[in-house]
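Below is one structure, written out as structure tokens; the observations come after it.
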Amino acid sequence: MDDSKVVGGKVKKPGKRGRKPAKIDLKAKLERSRQSARECRARKKLRYQYLEELVSSRERAICALREELEMYKQWCMAMDQGKIPSEIRALLTGEEQNKSQQNSSRHPKAGKTDANTNLLLGN
């Protein structure tokens, strides 16, 4: 006796639904799994190397910014005491020299800088 049914013009047999799993060689499957794991570890290693380099560069940047901040604090303390640090004086006099060499119409902020320069230098 045949257990098949006719549904919609097609003959269907009872049993498991869907595709039958392909018979995969177990050794090949294990090798693919190992290769995938190797690649995953390699990607992870590269990612960690990148992140370590990123952290290192950011730490260097932080140190440089801290040094710059300390320098500015010292300049401010000197200016509070009525002294103009030589670095600021050099910057300000350098701006005046640049202004005399360049056309002031190209640099609309030069007038403001010159007024500040004169105030700081006592001119």
Side-chain angles (χ1 to χ4, degrees):
M1 188 161 128
D2 191 13
D3 289 336
S4 61
K5 296 180 184 177
V6 177
V7 178
K10 295 184 180 179
V11 177
K12 296 205 172 192
K13 296 184 179 180
K16 296 183 182 178
R17 293 184 187 175
R19 286 178 64 183
K20 292 184 180 178
K23 294 183 180 179
I24 300 172
D25 186 20
L26 188 58
K27 288 183 180 181
K29 185 176 180 180
L30 285 174
E31 184 54 37
R32 280 198 313 272
S33 177
R34 289 183 188 122
Q35 181 63 28
S36 177
R38 277 191 291 270
E39 291 170 1
C40 180
R41 286 190 295 271
R43 285 191 305 269
K44 183 177 178 181
K45 184 177 179 181
L46 286 173
R47 186 171 51 249
Y48 273 88
Q49 287 174 347
Y50 166 75
L51 290 173
E52 286 174 358
E53 291 172 9
L54 189 63
V55 167
S56 177
S57 69
R58 298 284 166 91
E59 286 175 344
R60 285 192 302 272
I62 288 170
C63 288
L65 288 170
R66 283 191 176 136
E67 290 174 7
E68 188 177 355
L69 178 62
E70 189 58 37
M71 177 184 67
Y72 291 144
K73 284 180 181 179
Q74 290 174 1
W75 287 5
C76 289
M77 290 184 340
M79 290 172 65
D80 287 345
Q81 295 172 358
K83 302 173 188 172
I84 299 177
S86 59
E87 296 91 347
I88 293 178
R89 188 176 297 274
L91 286 172
L92 296 174
T93 56
E95 286 178 7
E96 284 184 3
Q97 290 173 356
N98 286 341
K99 188 215 172 228
S100 65
Q101 293 173 356
Q102 296 176 349
N103 185 353
S104 63
S105 65
R106 285 191 235 155
H107 303 289
K109 293 183 180 180
K112 292 179 183 177
T113 305
D114 290 337
N116 292 337
T117 301
N118 291 335
L119 285 174
L120 288 172
L121 293 176
N123 294 340

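Checked options M71, K73, R66, E67; the residue passing with L69 is K73 (criterion: side-chain contact (heavy atoms from CB on, under 4.5 Å)).
Among residues at least two apart or in separate chains, salt bridge (charged side-chain N to carboxylate O under 4.0 Å, His left out) pairs with a member in residues 35-44 are E31-R38. Residue pairs meeting the side chain to side chain donor-acceptor pair (under 3.5 Å) criterion with at least one member in residues 52-63, sequence neighbours excluded, are S56-R60. For residues 26-45, no residue pair satisfies the ring pair (Phe, Tyr, Trp, His ring centres under 6.0 Å) rule, not counting sequence neighbours. Evaluation of the ring pair (Phe, Tyr, Trp, His ring centres under 6.0 Å) test over residues 56-81, restricted to residues two or more places apart or in two chains, returns Y72-W75.
Linking ILVMFWY side-chain heavy atoms closer than 4.5 Å, directly or via other members, places I88 and M77 in two distinct hydrophobic clusters.
Membership of the apolar cluster around Y50 extends to L51, L54, as traced through chained side-chain contacts below 4.5 Å between ILVMFWY residues.
Partners of Q81 under the side chain to side chain contact (heavy atoms under 4.5 Å, CB included) rule, at least two apart in sequence or in another chain, are K83.
L26 CG to L30 CG: the interatomic distance, rounded to the nearest 0.5 Å, is 4.5 Å.
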